Each structure stands twice: as C-alpha cells, then as structure tokens.
Amino acid sequence: QVQLVESGGGLVQAGDSLRLSCAASGRTFSNYAMGWFRQAPGKEREFVGGISRSGSKTYYVESVKGRFTISRDNAKNTVYLQMNAMKPEDTAVYYCAADPALNPNTIRMGGYDYWGQGTQVTVSS
C-alpha cells in the first residue's frame, strides 16, 4: 500500500510558476513510476506527465512540453511537478499517482494503483 499526498497548489497569474509536491509513504517509493494528472471542471482527468522509477526518463503531454518539469527524490519519497509559464488552461485539480512499473503509463490510468487526493491549481489571466 502506498499513500500519496499532494501539496503546493494555489492561485497564480498567467506566466507565473508553481511547484507541486507529492509525498509518498508506505511501500518502497523507488519501486514505482510516478505520474501527474489533472482534471478541470467538466472535463475528464488527463495525463500531464510521468517519471520512471530512477528519474532518468520523463514524459509529458504535448500541451505542457517545454513548460512543465517532473523530478523525483527517492531519498525523500517525493515527486515534484515544476510548472512554468502557466496558462489559464492549466487550471485544474492536480493529482499524483503511483504505477508499479519501470516507466509510467502515459495512456492507461488503470495502471496506476495509488492516487493522491489532489491539489487545486488556479491560473488567472
């Protein structure tokens, strides 16, 4: 069992930056690939990006490439989502999730066994 808790959400202006954190507890954190997802009001939850177990590989949805960066610190059992040049369309509840695989699944959400409760991110124009 893995417990995930997101933090760092808040209100920012378009063009600003924000860093989200996801702290894990329970089973060995380094045995999981991690993914970040987001869900805007009235929309389906979507994959934002992911990172492999070791942190050597990262993946991003096209809309955030070049703006968002995922990293992890396995010693601290924490994964981060650095968001730069934020846009109003980035407004959503952001979730982190753990996938018991070497690399994160970029398509199938069912591959993620554990989910955090989410943190609200709002970007004003």
Side-chain angles (χ1 to χ4, degrees):
Q1 190 79 272
V2 175
Q3 294 79 47
L4 304 173
V5 180
E6 303 95 337
S7 63
L11 174 65
V12 298
Q13 190 175 17
D16 286 354
S17 298
L18 194 65
R19 188 179 77 161
L20 304 183
S21 298
C22 175
S25 62
R27 290 199 169 193
T28 304
F29 178 67
S30 60
N31 287 343
Y32 295 85
M34 299 295 295
W36 282 98
F37 295 79
R38 66 186 181 187
Q39 186 167 22
K43 297 184 179 295
E44 296 182 348
R45 187 172 300 184
E46 66 170 345
F47 173 81
V48 176
I51 188 167
S52 63
R53 288 182 182 178
S54 67
S56 63
K57 297 181 179 179
T58 55
Y59 309 84
Y60 304 96
V61 68
E62 189 67 29
S63 62
V64 308
K65 286 182 179 178
R67 299 190 299 118
F68 290 11
T69 301
I70 296 173
S71 62
R72 68 189 294 164
D73 187 339
N74 287 345
K76 295 182 178 180
N77 292 342
T78 303
V79 63
Y80 305 94
L81 177 63
Q82 177 67 48
M83 302 181 288
N84 298 324
M86 299 192 72
K87 304 176 180 180
E89 50 262 46
D90 293 324
T91 296
V93 175
Y94 283 71
Y95 301 87
C96 65
D99 184 352
L102 181 64
N103 296 304
N105 194 305
T106 62
I107 300 175
R108 188 174 67 86
M109 289 191 292
Y112 294 87
D113 289 351
Y114 308 103
W115 294 80
Q117 293 182 317
T119 184
Q120 177 70 50
V121 173
T122 302
V123 185
S124 63
S125 60

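Note that this is a predicted model, so its numbers are computed, not measured. Just the heavy atoms: all of them, side chains too, but no hydrogens, waters or symmetry mates, feed the values below.
In this structure, the side chains of Met83 and Val48 stay at 4.5 Å or more apart for every pair of heavy atoms. Inter-residue side-chain proximity for Arg38 and Thr91 is flagged as unmet; no heavy-atom pair is nearer than 4.5 Å. Contact annotation: the side chain of Val61 never approaches that of Phe68 to less than 4.5 Å [non-hydrogen atoms, C-beta and beyond]. Arg67 is listed as a side-chain neighbour of Asp90, based on a closest heavy-atom distance under 4.5 Å. Contact check for Leu81 versus Glu6: no side-chain heavy atoms found under the 4.5 Å cut-off.
Other residues, nucleotides and ligands contribute more than 12 heavy atoms inside 6.0 Å of the CD atom of Gln3.
To the nearest 0.5 Å, the span separating CG on Leu4 from OG1 on Thr78 amounts to 10.5 Å. The OG1 atom of Thr28 sits 10.5 Å away from the CZ atom of Arg53 when rounded to the nearest 0.5 Å.
There is a path of hydrophobic side-chain contacts, each under 4.5 Å, that joins Met109 to Val93.
Annotation for Gln13 and Val123: closest pair C-CG1, 4.0 Å, computed over non-hydrogen atoms. Across every non-hydrogen atom of Pro104 and Met34, the tightest pair is CB-O, 3.7 Å. Taking both residues in full, the closest heavy atoms of Arg72 and Ser52 are given as NH1-O, 2.8 Å, listed atom of the first, atom of the second, then distance. Residues Pro100 and Asp113 approach most closely at CG-OD2, 3.3 Å, considering heavy atoms. Tyr112 approaches Gly35 most closely through the heavy-atom pair CE2-N, 3.7 Å.
The aromatic ring centroids of Tyr59 and Phe47 lie 6.0 Å or more from each other. Ring centroid separation for the pair Phe37 and Trp115 comes in under the 6.0 Å cut-off.
Exactly one residue among Ile70, Thr69, Asp73 makes a side-chain contact (heavy atoms from CB on, under 4.5 Å) with Tyr80. That residue is Asp73.
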